[in-house]
Amino acid sequence: MTPPPTALTAAPTTSGHNVVAPTAPQAKGSKPGGCGCSPKNEVAVSDSLKARIENHPCYSESAHHHYARLHVAVAPACNIQCNFCNRKYDCANESRPGVVSELLTPEEAAHKALVVAGKIPQMSVLGIAGPGDPLANPEKTFRTFELVAEQAPDIKLCLSTNGLMLPDYVDRIKALNVDHVTITINMVDPAIGEKIYPWVHYRRKRYRGIEGVKILHQRQMEGLEMLKEADILCKVNSVLIPGINDEHMPAVNQAVRERGAFLHNIMPLISAPEHGTYFGLNGQRGPTPTELKAVQDKCAGNMKIMRHCRQCRADAVGLLGEDRSQEFTKDKFMDMPVDYNAKKREAVRLDIKQKEAAIAQRREAAAEKVANSQAAETLADSPKVLVAVATKGGGLVNQHFGHAKEFMIYEVDAATVKFIGHRKVADYCQSGYGEAATLTGIIETIADCRAVLAAKVGPCPTKDLQKAGLFVVEAYDVIEAVAREFYNEHVLTTVYV
Ligand code: CLF
Ligand code: SF4
């Protein structure tokens with residue numbers, strides 16, 4: 001791996017990374033089992049499934065470090081009302097509330113796809129996720145897919161829907177070779193659904209209350225079973241709404257698993273009065289990161305749980321953690337020439353594969369070092385700690401602390417390094433100057449972590465992080481390897497001496 005790019009702030013440890021210890025007492029790690037999750041809970045994926053998801057940034061956690069997606073906003077209408085949605089904004093089932101995307105025709109969308117595929121060759125997936133429901137706009141949605149499939153067959157097609165019209169279109173989805181479909185399923189009990197959906201518009205009639213919810217539920221389950229039958233990979237999104245469907249989520253998880261869903265993405269409700277939604281105006285809060293993790297952990301083990309969702313915009317562009325949509329607004333991309341080159345894109349994919357293999361090797365070497373140095377019972381009984389990682393992608397600790405707009409959070413014990421989510425922060429270093437108030441906010445956001453892993457951390461934030469009880473680890477290396485080596489040298493050794 002590339003060596004650290006900048007001067008060191010402390011003597012290298014045996015791992016070669018530079019570690020500054022905290023000056024205040026640290027948060028204790030939790031004992032295994034405390035959070036209800038364990039690496040043994042990981043669900044195995046067959047080789048053939050791996051091949052289908054390996055370059056889809058949402059379906060594969062490791063792919064999201066390398067591959068980008070493009071959303072095209074071609075579907076304005078919707079056929080249901082969710083209490084967390086304001087129709088002035090994008091569909092909140094797969095998007096960040098309060099965001100408005102620029103509507104495109106299928107022809108404009110196809111042009112955009114070809115432009116972006118040339119400029120961002122690691123863009124592997126074209127998704128349609130709004131701004132309304134894609135299947136309430138079937139002609140625009142399917143025309144877009146047709147145009148892109150004809151001109152850029154190496155782009156995977158992906159669709160996200162509330163599921164109401166899904167049973168009508170599974171054949172067409174299959175015929176177009178759309179291999180990834182998301183259904184948002186927030187309940188499997190209509191009595192709970194009544195608190196989420198005030199009405200459903202189905203076959204030219206509006207159904208209010210439980211009558212509408214029953215139709216929606218029945219159509220979602222039917223659609224899910226049909227996708228399974230058609231061998232189309234299905235992800236289920238569920239918006240976690242405290243006090244409404246949080247305790248119900250394991251039942252949702254069980255129902256979708258039994259019907260063949262591949263992946264469950266339990267996302268937090270984002271609710272604010274300024275979004276003008278029913279929930280926002282009535283004080284319904286979203287879950288805290290701890291509440292979200294607890295529910296995700298409860299459902300893990302039964303099926304794969306997605307934890308890297310960024311609730312992106314209906315016109316999102318780029319890696320999941322970045323948003324390059326402003327580089328490709330309609331006034332810009334319509335004037336950009338198409339430079340789609342299938343060979344160049346294939347070469348980029350091969351290069352990513354090689355990088356992934358090198359990362360896996362590095363990760364395994366770090367894990368082996370620990371396994372060899374610790375007794376088996378130590379590995380089984382080690383505390384779990386959280387670490388916050390600054391990364392620009394590529395699976396590496398490779399970003400300066402001050403430039404991070406989010407930290408990826410990993411949970412580490414002696415046996416595993418597991419990604420559990422991301423936390424958004426304001427970037428500390430703006431135009432070369434650090435903002436004290438911003439730093440305080442960042443430290444509060446990651447206060448439950450034991451360490452920050454970053455390519456470089458300046459002297460001021462280092463001091464404050466130390467005071468807050470965090471180790472500061474400077475490295476330019478594979479995330480899991482840095483986390484593993486930090487844990488081995490600074491957590492295991494203090495716990496088991
Ligand atoms: Fe887009 Fe959705 Fe396809 Fe991904 S997003 S249509 S499955 S290509 Fe991904 Fe964005 Fe989360 Fe959606 S991070 S909101 S899960
Ligand atoms: Fe809004 Fe999406 Fe729900 Fe339709 S399905 S009401 S667009 S959140």
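Predicted model only: the values in this text are computed from it and were never measured. Here, residue 1 is the first one in the sequence, and each next residue gets the next number.
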| Evaluation steps, side chain to side chain contact (heavy atoms under 4.5 Å, CB included), between K112 and L104 | CA-CA 9 Å; K112 183 174 185 178; L104 304 180; 3.9 Å; yes

| message | So does G318 get a backbone contact from the side chain of R69, meaning a donor-acceptor N/O pair under 3.5 Å? | response | yes

| message | Once side chain to side chain donor-acceptor pair (under 3.5 Å) is applied, do any residues pair with D331, and if so which ones, sequence neighbours excluded? | response | T329

| task | Would you please name every residue forming a side-chain contact (heavy atoms from CB on, under 4.5 Å) with L49, sequence neighbours left out? | result | V45, S46, R52, L233, F262

| task | Verify, without hydrogens or angle tests, whether N265 (side chain) and V236 (backbone) share a donor-acceptor contact under 3.5 angstrom. | result | no

| Between the side chain of T161 and the main-chain N/O of P134, is any donor-acceptor distance below 3.5 Å? | no

| field | Rounded distance (nearest 0.5 Å) linking atom CG of L166 with atom CD1 of I183 | value | 5.0 Å

| field | Basic-acidic side-chain contact under 4.0 Å: K293, E411 | value | yes

| query | What pairs meet the salt bridge (charged side-chain N to carboxylate O under 4.0 Å, His left out) rule with one or both residues in residues 275-289, with sequence neighbours excluded? | reply | R285-E291

| remark: Of all heavy-atom pairs linking L269 and P287, the shortest is N-CD, 3.5 Å

| field | V338 backbone acceptor or donor facing K119 side chain under 3.5 Å | value | no

| field | Contact summary for Q151 and P153, nearest pair of heavy atoms | value | C-CD, 3.6 Å

| Side-chain touch F419/R307, heavy atoms, less than 4.5 angstrom | yes

| remark: Residue set satisfying side-chain contact (heavy atoms from CB on, under 4.5 Å) with H66, at least two apart, ordered chain then number -> I352, E356, I359

| query | Where is the tightest heavy-atom contact between R345 and P121, given as atom of each residue plus distance? | reply | NH1-O, 3.2 Å

| said: Would the distance check show the side chain of H65 and the main-chain N or O of K392 forming a donor-acceptor pair, the cut-off being under 3.5 Å? | reply: no

| task | Could you check K353 against E54 for salt bridge (Lys or Arg N to Asp or Glu O under 4.0 Å), going step by step and ending with a plain yes or no? | result | CA-CA 9 Å; K353 268 196 173 167; E54 68 182 1; 3.4 Å; yes

| field | Minimum heavy-atom distance between R219 and M165, given as atom pair plus value | value | NH2-CA, 3.8 Å

| request: Not counting sequence neighbours, list each pair that qualifies as a salt bridge (charged side-chain N to carboxylate O under 4.0 Å, His left out) and has a residue in residues 201-210. | output: D168-R203

| request: Report yes if some heavy atom in the side chain of P57 is under 4.5 Å from a heavy atom in the side chain of V125; otherwise report no. | output: yes

| task | List the steps, then state whether side chain to side chain contact (heavy atoms under 4.5 Å, CB included) holds for L386 with R450. | result | CA-CA 6 Å; L386 302 181; R450 182 65 68 90; over 6 Å; no

| message | Once rounded to the nearest 0.5 Å, what's the spacing between atom SG of C309 and atom CG of L320? | response | 8.0 Å

| query | Regarding H264 and S238, is there a side-chain donor-to-acceptor distance under 3.5 Å anywhere? | reply | yes

| field | Over all atoms of both residues, closest heavy-atom pair of V213 and Y197 | value | CG2-O, 3.8 Å

| message | Restricting to salt bridge (Lys or Arg N to Asp or Glu O under 4.0 Å), what partner residues turn up for K214, sequence neighbours left out? | response | none

| Evaluation steps, side chain to side chain contact (heavy atoms under 4.5 Å, CB included), between V74 and L103 | CA-CA 6 Å; V74 294; L103 205 60; 6.0 Å; no

| message | Please enumerate all residues that pass ring-ring contact (aromatic ring centres under 6.0 Å, His included) together with F407, with sequence neighbours excluded. | response | F401

| query | Under 3.5 Å, side chain of E102 to main-chain N/O of K330, donor-acceptor pair present? | reply | yes

| request: Could you list the residues that satisfy side chain to side chain donor-acceptor pair (under 3.5 Å) with Y207, not counting sequence neighbours? | output: none

| said: Under a plain distance cut-off of 3.5 Å, with no hydrogens placed, do K235 and T182 share a side-chain donor-acceptor pair? | reply: yes

| field | Contact check, side chains of L227 and V170, non-hydrogen atoms, under 4.5 Å | value | yes

| query | Can you check whether R423 reaches I409 side chain to side chain, under 4.5 Å on heavy atoms? | reply | yes

| field | Plane angle bin for F142 and F145 - parallel if under 30°, tilted between 30 and 60°, otherwise perpendicular | value | tilted

| said: Angle between ring planes, Y59 versus H180, binned at 30° and 60°: parallel, tilted or perpendicular? | reply: perpendicular

| request: Dump the intermediate steps for side chain to side chain contact (heavy atoms under 4.5 Å, CB included) on T184 and Q220, then the final yes or no. | output: CA-CA 9 Å; T184 299; Q220 287 178 334; 5.7 Å; no

| request: Side-chain contact test, heavy atoms from C-beta onward, threshold under 4.5 Å: evaluate it for H64 versus R310 and give yes or no. | output: yes

| Do the side chains of R324 and E322 get nearer than 4.5 Å, heavy atoms only? | yes

| remark: Distance col, row N137:CG vs C78:SG, nearest 0.5 angstrom, shows 8.5 Å

| Is the number of heavy atoms from other residues, nucleotides or ligands under 6.0 Å of Y340 OH greater than 12? | yes

| message | Could you measure the distance from the CZ atom of R313 to the OG atom of S325? Nearest 0.5 Å is fine. | response | 4.0 Å

| query | Going by heavy atoms in the side chains, are I305 and N253 under 4.5 Å from each other? | reply | yes

| task | Enter the distance from L176:CG to D171:CG here, rounded to the nearest 0.5 Å. | result | 11.5 Å

| Salt bridge between K174 and D231, side-chain N to carboxylate O under 4.0 Å? | no

| request: Mind checking side-chain contact (heavy atoms from CB on, under 4.5 Å) for T105 and listing every partner two or more places apart, or none if nothing turns up? | output: E107, E108

| Reported CD1-to-CG distance for the pair I80 and D133, which is rounded to 0.5 angstrom | 7.0 Å

Could you give the side-chain donor-acceptor pairs of residues 242-249 under 3.5 Å, partners two or more places apart or in another chain?
| residue | atom | partner | partner atom | Å |
| --- | --- | --- | --- | --- |
| N245 | OD1 | I241 | N | 2.7 |
| N245 | ND2 | N186 | O | 3.0 |
| N245 | ND2 | V239 | O | 2.8 |
| D246 | OD1 | G243 | N | 3.2 |
| D246 | OD2 | G243 | N | 3.1 |
| H248 | NE2 | V188 | N | 2.9 |

| message | The criterion is ring-ring contact (aromatic ring centres under 6.0 Å, His included); which residues satisfy it with Y202, sequence neighbours excluded? | response | none

| said: Around atom CD of E327, are there more than 12 heavy atoms from other residues, nucleotides or ligands closer than 6.0 Å? | reply: yes

| said: Donor-acceptor check, side chain of E61 to backbone of M306, threshold 3.5 angstrom: yes or no? | reply: no

| Hey, are the side chains of S124 and H56 touching, using non-hydrogen atoms and a 4.5 Å cut-off? | no

| query | Which residue pairs pass the salt bridge (charged side-chain N to carboxylate O under 4.0 Å, His left out) test when at least one of the two sits in residues 258-283, sequence neighbours left out? | reply | E225-R259

